[in-house]
Amino acid sequence: MAKGYWNIAGTITNPEGMGPFLQALEPYLAKCQARFLSRDLNTDVREGNPGHLTVIIEFQSLDAAKAAYEAPEYQEMIKLRQPHSNLSLSIIEEGDHAGH
């Protein structure tokens with residue numbers, strides 16, 4: 001089964017304010033059997049303007065990635081993050097789905 005991913009990019013505007021969100025995120029991801037593949041606060045951006053932060057989180061499947069995002073628990077956690085960041089989060093599936 002193909003894995004699912006959260007692909008996150010953006011800017012943290014108040015690092016101190018992110019504390020409660022980050023403290024809640026790690027145990028939540030463990031509960032979802034997800035893991036960080038990459039976390040970079042100083043992304044080497046070569047094109048575009050996605051911000052200084054890039055995070056990739058791996059889930060067991062695309063359905064698991066979607067369910068983790070849509071869960072009421074995570075929806076409440078987003079409220080802890082939003083005042084302190086400007087992020088985009090995309091949910092993607094492992095593999096080449098571009099259909100050349």
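Given the structure is predicted, the values throughout are model-derived calculations rather than measurements.
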Any residue meeting side-chain hydrogen bond (donor to acceptor under 3.5 Å, both in side chains) with E73, in chain and number order, not counting sequence neighbours: K31
Distance, nearest 0.5 Å, that separates CD of E93 from NZ of K66: 8.0 Å
Point-to-point distance, once rounded to the nearest 0.5 Å, from CD of E47 to CG of N49: 12.5 Å
Which pair of non-hydrogen atoms, one from P50 and one from V45, has the smallest distance, and what is that distance? CD-CG1, 3.5 Å
Connected-component partners of Y69 among ILVMFWY, side-chain separation under 4.5 Å: W6, I8, I12, M18, F21, L22, L25, Y28, L29, F36, L41, L53, V55, I57, F59, L62, Y74, M77, I78, L80, L87, L89, I91
Note: E26 and R39 closest approach over all heavy atoms is OE2-NH1, 3.1 Å
With a 4.5 Å limit on heavy-atom distance, are the side chains of P83 and N14 in contact? no
Roughly how far, to the nearest 0.5 Å, is CD of E58 from CD1 of I56? 10.0 Å
Mind checking side-chain hydrogen bond (donor to acceptor under 3.5 Å, both in side chains) for S61 and listing every partner two or more places apart, or none if nothing turns up? none
To the nearest 0.5 Å, what is the distance between CD1 (I92) and NZ (K3)? 14.0 Å
Any chance CD of Q33 has more than 12 other-residue heavy atoms, nucleotides or ligands included, within less than 6.0 Å? no
Exam field: side chain D96 to backbone A98, donor-acceptor pair closer than 3.5 Å: yes
